[in-house]
Amino acid sequence: MQKQYDFLVIGTGMAGMSFALKVAEHGKVAILTKSKAEESNTNFAQGGIAAVTYQPDSYEKHINDTLTAGDGLCKRDIVELVVSEAPERIKELIKWGTAFDTKADGNYDLAKEGGHSEHRILHHKDNTGNEIQISLLKKIKEHKNIELLDYHFAIDLITQHHLGYHVTRHQKDIECYGCYALNIRTKQIITILAKTVFLATGGIGNVYHTTTNPPIATGDGIAMAYRAKCLIENMEFVQFHPTSLYEPGKRPSFLITEAIRGFGAVLKTQKGERFMHKYDERACLAPRDIVARAIDNELKLSGDDYVYLDCTHLDDKELINHFPNIYKKCKSIGIDITRDYIPVVPAAHYVCGGVITDKNGKTSIKRLFAGGEVSSTGLHGANRLASNSLLEAVVFAHRAAQQAIKEIHEYKIKKEVPDWNDEGTSHPEEMILITQEFKELQQIMSNYVGIVRSNLRLKRALDRLDIIYKETEDLYEKSTISPKLCELRNAINVAYIIIKMAKNRRESRGLHYNIDFPEKNKIMNE
Ligand code: FAD
Ligand code: SIN
């Protein structure tokens, strides 16, 4: 079965939805999600979105904070562009129905997070992402040019490869014609063709054992792009959020927003001692890589399973008013944050690298754009500054939309694409073949490719990954397509790229720390 659109958008997070709303004025749009439309990393975002609004803040300060966090690998022109376009995009979000908290005087109630020199985070209580997700989704559902295809799992991007041509990674003329997608309800695989495709599939958190990301974050977009021979970079820079709630066995781990440290909460060991001042003069508000590594080190020194976040000295009423969801969640497991310390551990949270794009969201494949967490735009460098990712998603969705609208008349639907062929395949006999491989993958990544790495750990990880890669490819060849099997295959592809890029980086920088190369090589921001 074939469907045809002008624009195909894969992903209903902030990037995908804001792109879709813009291009929908210029053609027929399909927006795909493998789950229900509300499920995304966007929906879980707590702290908010960074943007310069009032003095004493300035673009210059936001730019410098981003460059400092990025540890020499940000592209300065991209940082400048994102920071200066932020206010326009915030206005648009508000026009689309997003409400940001204000103070009694009517000004925005700006929060502060690690690595920021000023209060500049616009937020909606402690569930900003949900506010954005709901307001954009409402607009998507109302738009007559947008068809929302929920429970449609994108399996692979379609390129010349599917027309029988040999395609190589550095070839300049690879084109994307759409994607194959599994309709999870009907179990039918459809061929979705489009003049342009926007890839907005989000992050990779579930490649790791402990993550703040919802189950949808299995790196599908990066894996699909990689298989389509698209260029990818910086995957070694996986950000671990320092403070996820310690609740063994819970997936995803509940996030305790960094904004709570901006509000005055303090990290302590289980003995009740502050420790962050030993690692950085910014103490609890140092950039995330530093805080996560410090916690990791304290846990290794003490042998404890978690450290504490102490909010008990803060004003009870204000604390509950600013962080109602965190209060409610902790209360539900017997922790009253106004009286008790919160047990926290680092968890895989965000991938800074991904599909390389230019300043207009164009990838190395023609007719394929990317935005949001799946992409690597040059904004984050070796470490993302807190609350810069929602901003990046909305700025690049806008730019990619403008570019796609400009280019759309150049492209025709590639009607000769063949339908998916699954002859000779059958359902895997046992789900355990898939679930066990996934658990093994997560253990390998958490134990060997986590916050602190070494050459030996990376080699071990690659050797073990090779075994589950071969077993899974074999299973995939024989099996009828299912979301779980595709997710496992994608997560293995992503793990492979992370390990390879981590092995290639012969230094420690930003989020990538290798004890065998503790020093940085000299490079500067472009
Ligand atoms: P997502 O919002 O993750 O959307 C991805 C979409 O793609 C989903 O609809 C998914 O179902 C779909 N998809 C994936 N694979 C497929 C497939 N194979 N087929 C079809 N559909 C597919 N950032 C900030 O800036 N500020 C914050 O305060 C903040 N807090 C966060 C808190 C948490 C707990 C988490 C997990 C992240 C947080 N982040 C925050 C990061 C930020 O939320 C994400 O980077 C951002 O929302 C990513 O948006 P996106 O549109 O790229 O992807
Ligand atoms: C948080 O609220 O701490 C998460 C912010 C982010 O990931 O940018």
Side-chain angles (χ1 to χ4, degrees), residues 9-19 31-51 111 113-116 121-124 126-130 132-133 136-137 148-157 179-182 184 192 198-206 211-224 239 241-244 252-262 288 291 323 326 347-352 354 370-375 380 384-394 396-397 483 486-487 490:
V9 182
I10 311 179
T12 57
M14 177 147 191
M17 289 194 292
S18 42
F19 177 92
I31 183 164
L32 223 70
T33 173
K34 64 179 174 178
S35 180
K36 61 177 183 203
E38 292 78 9
E39 190 70 329
S40 65
N41 274 13
T42 299
N43 193 38
F44 280 69
Q46 287 189 1
I49 179 162
E113 292 179 351
H116 288 272
I121 319 292
L122 293 127
H123 63 98
H124 180 94
D126 55 356
N127 62 354
T128 313
N130 177 259
I132 292 172
Q133 186 79 26
L136 266 58
L137 193 54
L148 173 63
L149 299 172
D150 60 357
Y151 295 99
H152 277 65
F153 191 105
I155 304 165
D156 260 325
L157 297 171
C179 79
Y180 291 113
L182 171 71
I184 296 172
I192 306 184
F198 185 65
L199 190 63
T201 46
I204 61 126
N206 288 284
T211 180
T212 62
N213 292 191
I216 53 104
T218 47
D220 300 352
I222 295 173
M224 285 192 283
Q239 185 167 71
H241 196 292
T243 57
S244 78
S253 299
F254 183 80
L255 185 78
I256 307 292
T257 176
E258 201 158 292
I260 209 162
R261 276 178 278 135
R288 262 179 213 174
V291 182
F323 305 101
I326 292 177
H349 182 63
Y350 184 87
V351 63
C352 293
E373 193 166 338
V374 75
S375 65
H380 306 311
R384 174 180 67 102
L385 183 67
S387 288
N388 262 359
S389 46
L390 290 174
L391 178 61
E392 181 195 46
V394 73
F396 276 89
C486 290
E487 285 181 341
N490 290 335

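Whatever order the structure lists them in is the order used to number ligands and atoms, beginning at 1. This one's a predicted model, so the numbers in the text were calculated from it and none came from an experiment.
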key: Exam field: side chain Thr243 to backbone Ile256, donor-acceptor pair closer than 3.5 Å   = yes

ask   = Out of His380, His241, Arg384, Gln239, which one pairs with Tyr350 under the side chain to side chain donor-acceptor pair (under 3.5 Å) rule?
value = His380

query = Any sub-3.5 Å donor-acceptor pair from Asp220's side-chain atoms to Thr201's backbone N or O?
reply = no

task = Supply the atom-to-atom distance Met224 CE to Cys179 SG, rounded to the nearest 0.5 angstrom.
result = 6.5 Å

inquiry  = Check whether Ser375 reaches the backbone of Ala370 with its side chain - one donor and one acceptor, N or O, closer than 3.5 Å.
reply    = no

task = Please determine which of Asp150, Asn43, Leu149, Leu148 meets the side-chain contact (heavy atoms from CB on, under 4.5 Å) test together with Thr12.
result = Leu148

inquiry  = Would the distance check show the side chain of Thr257 and the main-chain N or O of Ile260 forming a donor-acceptor pair, the cut-off being under 3.5 Å?
reply    = no

key: Side-chain (Thr212) to main-chain (Leu255) donor-acceptor, under 3.5 angstrom   = no

remark   = For ligand 1, protein residues within the heavy-atom limit of under 4.0 Å are Ile10, Gly11, Thr12, Gly13, Met14, Ala15, Leu32, Thr33, Lys34, Glu39, Ser40, Asn41, Thr42, Phe44, Ala45, Gln46, Gly47, Gly48, His152, Phe153, Ala154, Ala200, Thr201, Gly202, Thr212, Asn213, Ile216, Asp220, Leu255, His349, Tyr350, Gly372, Glu373, Arg384, Ser387, Asn388, Ser389, Leu390

For ligand 2, list every N/O pair with the protein closer than 3.5 Å, one pair per line with the distance.
| residue | atom | partner | partner atom | Å |
| --- | --- | --- | --- | --- |
| ligand 2 | 2 (O) | Gly47 | N | 2.9 |
| ligand 2 | 2 (O) | Thr257 | OG1 | 2.5 |
| ligand 2 | 3 (O) | His241 | NE2 | 2.7 |
| ligand 2 | 3 (O) | Thr257 | OG1 | 3.4 |
| ligand 2 | 3 (O) | Glu258 | N | 2.7 |
| ligand 2 | 7 (O) | Arg288 | NH1 | 3.0 |
| ligand 2 | 7 (O) | Arg288 | NH2 | 3.3 |
| ligand 2 | 7 (O) | His349 | NE2 | 2.7 |
| ligand 2 | 7 (O) | Arg384 | NH2 | 2.8 |
| ligand 2 | 8 (O) | Arg288 | NH2 | 3.4 |
| ligand 2 | 8 (O) | Arg384 | NH1 | 2.7 |
| ligand 2 | 8 (O) | Arg384 | NH2 | 3.4 |
| ligand 2 | 8 (O) | Ser387 | N | 2.6 |

key: Thr218 side chain vs Asn206 backbone, donor-acceptor pair below 3.5 Å   = no

